[in-house]
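Chain identifiers are assigned alphabetically (A, B, ...) following the order of the sequence lines, protein sequences preceding nucleic acid strands; residue numbering begins at 1 within each chain. Quick note: numbers below take in every heavy atom, side chains included, and nothing from hydrogens, waters or symmetry partners.
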Number of protein chains: 2
Amino acid sequence: MITVSQTYSRQGDRQCAGCSLHSTCLTRGLSKADLEAFDDIMVQPQPLKRGQELVRQGQSFHSLYLVRAGSLKKVMRLPGRHDEQVIRFYLPSETVGLEAIGEAYYPASVVALETTFICELPFEQLVSFAEQYNALRTELMRCMSRELRGDQRQVCLLSGRSTAEQRLASFLLGLSRRLHARGYSRYRFQLTMSRADIGSHLGLALETVSRVMGRFQRQGLVNVSGRELTIRSLESLEALGEEGSGLIGSPDDRRMIACR
Amino acid sequence: MITVSQTYSRQGDRQCAGCSLHSTCLTRGLSKADLEAFDDIMVQPQPLKRGQELVRQGQSFHSLYLVRAGSLKKVMRLPGRHDEQVIRFYLPSETVGLEAIGEAYYPASVVALETTFICELPFEQLVSFAEQYNALRTELMRCMSRELRGDQRQVCLLSGRSTAEQRLASFLLGLSRRLHARGYSRYRFQLTMSRADIGSHLGLALETVSRVMGRFQRQGLVNVSGRELTIRSLESLEALGEEGSGLIGSPDDRRMIACR
DNA sequence: CGCGCGCTTGAATACATTCAAGACAAGTGG
DNA sequence: CCACTTGTCTTGAATGTATTCAAGCGCGCG
């Protein structure tokens with residue numbers, strides 16, 4: 001049996017050094033010269049097709065992955081339950097597998113939502129490489145810390161008994177922000193995941209997602225046709241998320257703190 | 001104005017070297033000799049009283065903290081909402097502040113639930129110290145990774161539309177497990193947090209927590225009187241959490257994977 | 001062309017929430 | 001020492017939001 005999954009590696013001349021995502025990716029602390037050395041430990045496997053698993057829950061940990069293009073979902077099955085939950089979605093330049101470092105295996109599966117290009121970083125090699133590169137260690141720590149913040153934000157959203165509207169608004173805004181930070185349009189993008197995926201991620205039934213999406217459409221907040229989304233009013237969506245009792249600057253609103 | 005918050009530092013002869021939590025704490029990779037050097041960067045502020053803040057949301061980041069004794073809750077207020085959500089609880093030997101490393105400030109507040117003793121690690125000093133100690137860097141990474149896993153588990157629990165029973169059972173089991181790993185009883189412990197805190201953490205109203213707790217009591221699963229908890233049947237609690245359709249080893253239950 | 005999947009929409013149901021009242025314990029001040 | 005306050009928890013009844021079940025639609029793919 002022949003493994004073809006790594007035949008794409010080292011085909012072109014420049015790898016990381018020419019990558020447009022460099023400034024937002026794990027490598028952003030590295031200089032052009034450092035990047036060439038970094039290329040030596042990086043592997044570019046064949047692209048994943050929609051539905052293919054990048055890693056599988058329970059599989060033993062060996063590599064981190066960087067998303068070069070495309071998108072994926074992280075899904076997890078709790079011990080006794082037979083249904084999977086979507087934990088998060090991955091966009092280009094994000095790092096897959098950080099939660100697996102501490103133990104020997106990946107605690108969740110990661111599945112491509114569309115044709116997706118990946119950079120693989122064998123962890124052992126990454127660690128020895130990082131011993132000489134301060135900046136890389138720092139950046140790795142920052143990545144993990146940022147992911148912690150994101151997950152905790154999600155816990156906050158889910159445990160606060162927010163309405164379906166608030167959850168979906170918050171989700172769409174989050175996607176918009178992340179895409180925009182990566183150079184895509186803030187207003188117009190593809191939802192590469194199904195309604196069921198969105199629902200699972202937000203703790204809602206897929207029917208509810210569908211209904212609320214329709215409501216948003218009728219209210220003129222967005223335009224949706226299938227998985228094509230256009231945001232018509234960022235402000236209104238934001239107002240939805242931030243609303244609650246709707247008090248802005250109320251007497252006991254002592255200290256408003258940004259928390260992204 | 002005199003700061004008294006650090007007067008406890010360096011009072012005794014041995015610090016980390018004599019600490020019973022060494023084997024579960026961030027320092028566990030360090031030898032006895034290394035620990036003495038480590039003591040130089042560690043500070044032991046005065047103990048916190050119930051309700052006191054260890055860090056406040058929005059405050060600029062400077063230190064990590066290790067819980068030496070006691071317990072705390074991490075609470076977060078999303079931008080526009082006026083109510084706080086409990087993100088997680090901290091027990092002895094756990095590390096506070098990891099999610100703040102990536103940015104300049106703490107994204108959530110951490111508040112003592114009872115009289116609590118803390119070790120403070122000024123981050124700058126920790127980082128330079130770690131440059132010479134491979135094991136410490138590794139352990140820090142593991143800590144963050146483990147916290148990621150924990151948070152993602154929580155996301156999974158919350159976004160899965162599990163019942164109040166399942167959530168509370170899972171919560172109690174989690175506490176039991178963590179306490180046991182730290183040398184406390186697996187069956188009998190104090191709930192140092194209020195019903196409201198538990199509810200906030202699980203995405204339930206405090207009344208629901210109270211009701212379900214009562215139900216568990218009547219079913220003989222636990223004994224509760226106020227904040228004193230005794231688990232009568234670990235197995236039944238586990239069965240509750242793992243239930244769903246109740247199928248164990250069902251045909252399409254292809255691969256049962258541990259995921260703690 | 002027909003099948004299947006993903007999405008939408010409707011009606012009935014269920015679960016947890018909300019509102020409200022009361023119990024209980026601990027702490028405070030007269 | 002007692003009356004009173006305060007905070008936390010418990011319990012009941014009514015309400016509501018999202019779910020579940022079910023049917024139908026549209027589109028892409030084989």
Side-chain angles (χ1 to χ4, degrees), chain A residues 49-51 73 81-83 85-86 111 113-115 157-171 190-219 222-229 240 243-245, chain B residues 49-51 73 81-83 85-86 111 113-115 157-171 190-219 222-229 240 243-245:
Chain A
K49 295 205 201 72
R50 179 182 143 80
K73 62 177 173 182
R81 326 289 310 279
H82 60 305
D83 55 330
Q85 296 301 319
V86 173
V111 181
L113 293 169
E114 58 188 317
T115 300
L157 184 74
L158 290 172
S159 70
R161 281 162 299 301
S162 35
T163 65
E165 264 92 357
Q166 290 176 319
R167 293 187 189 195
L168 190 62
S170 169
F171 170 71
Q190 286 283 332
L191 298 169
T192 56
M193 65 296 286
S194 70
R195 302 291 193 262
D197 287 336
I198 299 175
S200 170
H201 183 232
L202 297 178
L204 300 171
L206 73 93
E207 293 95 329
T208 307
V209 175
S210 180
R211 277 185 251 268
V212 175
M213 207 76 102
R215 231 173 290 166
F216 282 177
Q217 166 110 274
R218 260 170 273 125
Q219 296 168 346
V222 302
N223 250 353
V224 264
S225 117
R227 298 191 170 183
E228 184 83 24
L229 183 92
L240 249 182
E243 176 240 17
S245 63
Chain B
K49 295 205 202 73
R50 179 184 144 82
K73 62 177 173 182
R81 326 291 308 281
H82 59 303
D83 55 330
Q85 296 301 320
V86 173
V111 181
L113 293 170
E114 59 188 316
T115 301
L157 184 74
L158 290 172
S159 70
R161 283 163 298 301
S162 36
T163 64
E165 264 91 357
Q166 291 175 317
R167 294 186 188 194
L168 191 61
S170 170
F171 170 71
Q190 286 283 330
L191 299 170
T192 56
M193 66 296 287
S194 71
R195 302 293 194 262
D197 288 336
I198 298 175
S200 171
H201 183 234
L202 297 178
L204 300 171
L206 72 94
E207 293 95 328
T208 307
V209 175
S210 181
R211 278 185 250 268
V212 174
M213 206 76 102
R215 232 174 290 167
F216 282 178
Q217 166 111 274
R218 260 170 274 124
Q219 296 168 347
V222 302
N223 249 356
V224 262
S225 116
R227 298 192 170 181
E228 183 83 24
L229 183 93
L240 248 181
E243 175 238 18
S245 64

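A:Ile198 has its side chain within reach of A:Leu168: a pair of non-hydrogen atoms, C-beta onward, lies under 4.5 Å apart. With contacts defined as side-chain heavy-atom distances shorter than 4.5 Å, the pair B:Met213/B:Leu191 qualifies. With a 4.5 Å cut-off on side-chain heavy atoms, A:Gln85 and B:Leu158 do not count as touching.
As judged by a 4.0 angstrom heavy-atom cut-off over every strand, A:Arg227 is placed among residues touching the sugar-phosphate backbone only. At a threshold of 4.0 angstrom between heavy atoms, the contacts of B:Thr208 include nucleobase atoms, whether or not backbone atoms are also involved. In this structure, B:Arg50 reaches the sugar-phosphate backbone alone: every heavy-atom distance under 4.0 Å involves primed, P, OP1 or OP2 atoms, never a base. Residue-level contact check: A:Arg161 touches the backbone only, with heavy atoms under 4.0 Å from sugar-phosphate atoms and none from bases. Within 4.0 Å of B:Gly203, counting heavy atoms only, lie sugar-phosphate atoms of the nucleic acid but no base atom. Using a 4.0 Å heavy-atom cutoff across all strands shown, A:Leu204 reaches sugar-phosphate atoms only and no base atom.
Between the CZ atom of A:Arg215 and the C1' atom of D:dA18 there is a distance of 10 Å, given to the nearest Å. Between the CZ atom of B:Arg167 and the P atom of C:dC15 there is a distance of 14 Å, given to the nearest Å. Nucleotide C:dT8 holds its C1' atom 10 Å from the CZ atom of A:Arg218, rounded to whole Å. For A:Leu168 and C:dT8, the CG to C1' distance is 15 Å, given to the nearest whole Å. We find that CD of B:Glu165 is positioned 6 Å from P of C:dA16, with the value rounded to whole Å. For B:Arg195 and C:dC24, the CZ to C1' distance is 13 Å, given to the nearest whole Å. Remark: P of C:dC5 and CG of A:Leu206 are 15 Å apart, rounded to the nearest angstrom. B:Met213 places its CE atom 15 Å from the P atom of D:dT8, with the value rounded to the nearest Å.
In the interface, the side chain of B:Glu207 is paired with the base of C:dC19 through a donor and an acceptor atom under 3.5 Å apart.
In this model, the phosphate group of C:dG10 is not approached by any side-chain N or O of A:Arg211 to a distance below 4.0 Å at OP1 or OP2.
Shortest non-hydrogen contact noted between B:Asp197 and B:Lys73 is OD1-NZ, 3.0 Å.
Relative to the side chain of A:Ala205, the nucleotides C:dT8, D:dT20, D:dT11 differ in distance, and D:dT20 lies closest.
Looking only at distances, a side-chain donor or acceptor of B:Ser162 sits under 3.5 Å from a matching main-chain atom of B:Leu157.
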